Amino acid sequence: MRKTFQTIAILSAGIVAVIAGGQRGLEETASAQAGAAVTQIPKFRAEGSWPKLPSKWVMAIVSSTGIDEQDHLWVLQRPNTLSAEEKPKAAPPVLEFDAEGNFIQAWGGPGAGYDWPETEHGIYIDPKGFVWIGGNGNDDQILKFTKAGKFVMQIGKRGQKKTNADTKNLWEPADVFVYAKTNELFVADGYGNKRIIVFDADTGAFKRMWGAFGGVPMDDPPAPEGGRGRGSADAGPLPQPMGPDGAPQFVPPVHAVKVSTDGLVYVADRGGRRVQVFTTAGKFVNQAFIGRECHAPDCGNGQTAAGLAFSPDREQRYLYVANRSQAQIMVFNRKTLEFLDGFGSWGSGKGQFGTLHHLSVDSKGNLYTAEVTPLKPENRRVQKFTFTGFVPMPMVIKNK
């Protein structure tokens, strides 16, 4: 993957900044290229902090963004991360904005009939308009709400034994996605477990699950006598030999999941520094390493693939990957996993990232990012990256 990031520099230097055919829509261009190899690279303009929050509130650390069928932006943020002085002005955890960034509504937090997560992590709006929430603060549940914030369903319960074999409970689930064709909920589970687990999106009934390479997800070994228990620093992770294909198990956190329209499941294995691809039945298809040369402490915490999004054209030609520790949005050919481009850097400026987390894309191809940053002052914001069109891929001249 070190060669991949050298490629970024070459691409950046070699791209001719002429937008092909002006600022054509992503759908139009992709349709014209249907069935052909990807020959163009999408480009973006950084808008910086974007949605307009009412002045009575302050934004906390933003963990996740989602886009609904109206191109409304949904934001999940963490009010409990604010200082004691700011908490009285904390905005509610769930925020909705229209396509122009105007505030619409806010809700969320503890309520009757469900367990609100200790630390808000992922938000997703499914094809039927339901809002799904997950947490990573020692949480074992996923919550389903209407857009108005009415509670619908909870999958998993707090205080359960945490194990990869449990088909009813989770362990700090990071992300979800509903595949409309089968009405199935795919869960990246997560910070504690090492699996993708699938439920019926209406009833919450368990369907199936799998680990890295489609294998059986395995628990860590128990802690030594006197330790604090499985999953603690005393126990440590299950030893995983790092061959050319990487670890045989997902390396927590299993951080994001998306299902393409042609039925492929893309999984961000953040700790494993890779994206793996499966069929919806869990059969392994392919993988791409994301910053495999990234190691702590010289490269953040040494974890990379944090968020996933597809371009909105019919073929979903482009896969966007939020690279956490290297502070980049990476662009891939979704079908082949060929790396095409990357942009971003560490910092608090426009187009820079603190700790890049989840990201989402609207119907026009614009990107929206969340940052859970250790920087001071914190990047408590959602950034918008406006899709501006395409540039042709640079020609590669091989030495003879």
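No experiment lies behind these values; they were computed from the predicted model shown. Keep in mind that the numbers below use all heavy atoms, side chains included, and drop hydrogens, waters and symmetry copies.
In this structure, the side chains of Leu337 and Val277 come closer than 4.5 Å at one or more pairs of heavy atoms. Contact of the Leu170 side chain with the Ile142 side chain is registered, since non-hydrogen atoms from C-beta on lie closer than 4.5 Å. Using a 4.5 Å heavy-atom threshold, the side chains of Met209 and Asp166 count as separate. No side-chain heavy atom of Val178 sits under 4.5 Å from any side-chain heavy atom of Glu184. Put simply, the side chain of Leu185 does not reach to within 4.5 Å of the side chain of Asp200, judged on heavy atoms. Residues Leu73 and Val382 meet the side-chain proximity criterion, which asks for heavy atoms closer than 4.5 Å. Side-chain contact between Ile290 and Met330: present, with at least one pair of heavy atoms (C-beta onward) separated by less than 4.5 Å. Inter-residue side-chain proximity for Tyr191 and Arg270 is flagged as met; some heavy-atom pair is nearer than 4.5 Å.
Between the side chain of His357 and the main chain of Ser63, a donor-acceptor pair closer than 3.5 Å is present. At least one donor-acceptor pair closer than 3.5 Å links the side chain of Gln249 to the backbone N or O of Met218. Although no hydrogens or angles enter the test, the distance criterion places a donor-acceptor pair under 3.5 Å between the side chain of Lys181 and the main chain of Thr261. Put simply, the side chain of His255 gets close to the backbone of Ala306: a donor and an acceptor are under 3.5 Å apart. Without hydrogens or angle criteria, Tyr179 side chain to Leu264 main chain gives no donor-acceptor distance under 3.5 Å. Under the 3.5 Å distance criterion, the side-chain polar atoms of Gln276 are matched with a main-chain donor or acceptor of Phe213. One N or O on the side chain of Arg195 and one on the backbone of Asn164 form a donor-acceptor pair closer than 3.5 Å.
To the nearest 0.5 Å, atoms CD (Glu120) and CG (Asn80) are separated by 6.5 Å. Note: Asn366 CG to Arg45 CZ = 9.0 Å, rounded to the nearest 0.5 Å. Ser260 contributes atom OG, which lies 8.0 Å from atom NZ of Lys335 (distance to the nearest 0.5 angstrom). Expressed to the nearest 0.5 Å, how far CG of Leu143 lies from CZ of Phe151 amounts to 6.0 Å. A distance of 10.5 Å separates CD1 in Ile123 from CD in Gln77, rounded to the nearest 0.5 Å. Here the straight-line distance linking atom NZ of Lys147 with atom CD of Glu96 works out to 6.5 Å at 0.5 Å rounding.
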Next item on the list: May I have the step-by-step check of side chain to side chain donor-acceptor pair (under 3.5 Å) for Thr355 and Thr373, ending in yes or no?
Entry: CA-CA 5 Å; Thr355 301; Thr373 176; 4.8 Å; no

Notebook entry, point to check: Given Asp115 and Lys157, is the salt bridge (charged side-chain N to carboxylate O under 4.0 Å, His left out) satisfied, shown in steps?
Noted result: CA-CA 8 Å; Asp115 301 312; Lys157 296 292 183 181; 5.4 Å; no

Margin query: Please determine whether salt bridge (charged side-chain N to carboxylate O under 4.0 Å, His left out) holds for the pair Lys194 and Asp219, giving the CA-CA distance in whole Å, both sets of side-chain angles, and the decisive distance to 0.1 Å.
Written below: CA-CA 8 Å; Lys194 306 173 183 177; Asp219 293 338; over 6 Å; no

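A centroid separation of 6.0 Å or more is found between the aromatic rings of Phe177 and Phe186. Here Phe385 and Phe353 bring their ring centres to under 6.0 angstrom of each other.
A donor and an acceptor atom, one from each side chain of Asn379 and Ser348, are located under 3.5 Å apart. Side-chain contact of Thr304 with Asn323: a donor-acceptor pair under 3.5 Å is absent, judged by distance alone. Defined by atom type and a distance below 3.5 Å, a donor-acceptor pair is missing between the side-chain atoms of Asp140 and Asn169. Side chains of Glu371 and Gln383: a donor on one and an acceptor on the other come within 3.5 Å. Residues Gln154 and Gln141 bring no donor and acceptor atom of their side chains to less than 3.5 Å of each other. Side-chain contact of Asn333 with Tyr318: a donor-acceptor pair under 3.5 Å is absent, judged by distance alone. Judged by distance alone, the side chains of Trp171 and Asp189 never bring a donor and an acceptor atom under 3.5 Å apart. Inspection of the Ser325 and Asn301 side chains reveals an N or O donor paired with an N or O acceptor under 3.5 Å.
With Tyr320 as reference, Phe44 is the one residue of Phe387, Phe310, Tyr368, Phe44 to meet the ring pair (Phe, Tyr, Trp, His ring centres under 6.0 Å) rule. For the ring pair (Phe, Tyr, Trp, His ring centres under 6.0 Å) test with Phe145, the passing option among Trp132, Phe130, Tyr114, Trp74 is Tyr114; the others fail.
Tracing side-chain contacts under 4.5 Å through hydrophobic residues (I, L, V, M, F, W, Y), one never reaches Leu359 starting from Val131; they form parts of separate clusters. Note on Val198: it clusters hydrophobically with Val257, by side-chain heavy-atom contacts below 4.5 Å among ILVMFWY residues. Trp50 and Val361 are not part of a single hydrophobic cluster, where members link through side-chain heavy atoms under 4.5 Å apart. Hydrophobic clustering keeps Val75 apart from Val372 (ILVMFWY residues linked when any side-chain heavy atoms are closer than 4.5 Å, directly or through intermediates). Both Trp210 and Val259 are part of a single hydrophobic cluster, where members link through side-chain heavy atoms under 4.5 Å apart.
When all heavy atoms of Pro42 and Asp341 are compared, the pair lying nearest together is O-OD2, 4.5 Å. Closest approach of Arg380 to Met59, counting heavy atoms only: NE-O, 2.8 Å.
Within 6.0 Å of NZ in Lys52 there are more than 12 heavy atoms belonging to other residues, nucleotides or ligands. No more than 12 heavy atoms of other residues, nucleotides or ligands sit less than 6.0 Å from atom NZ of Lys350.
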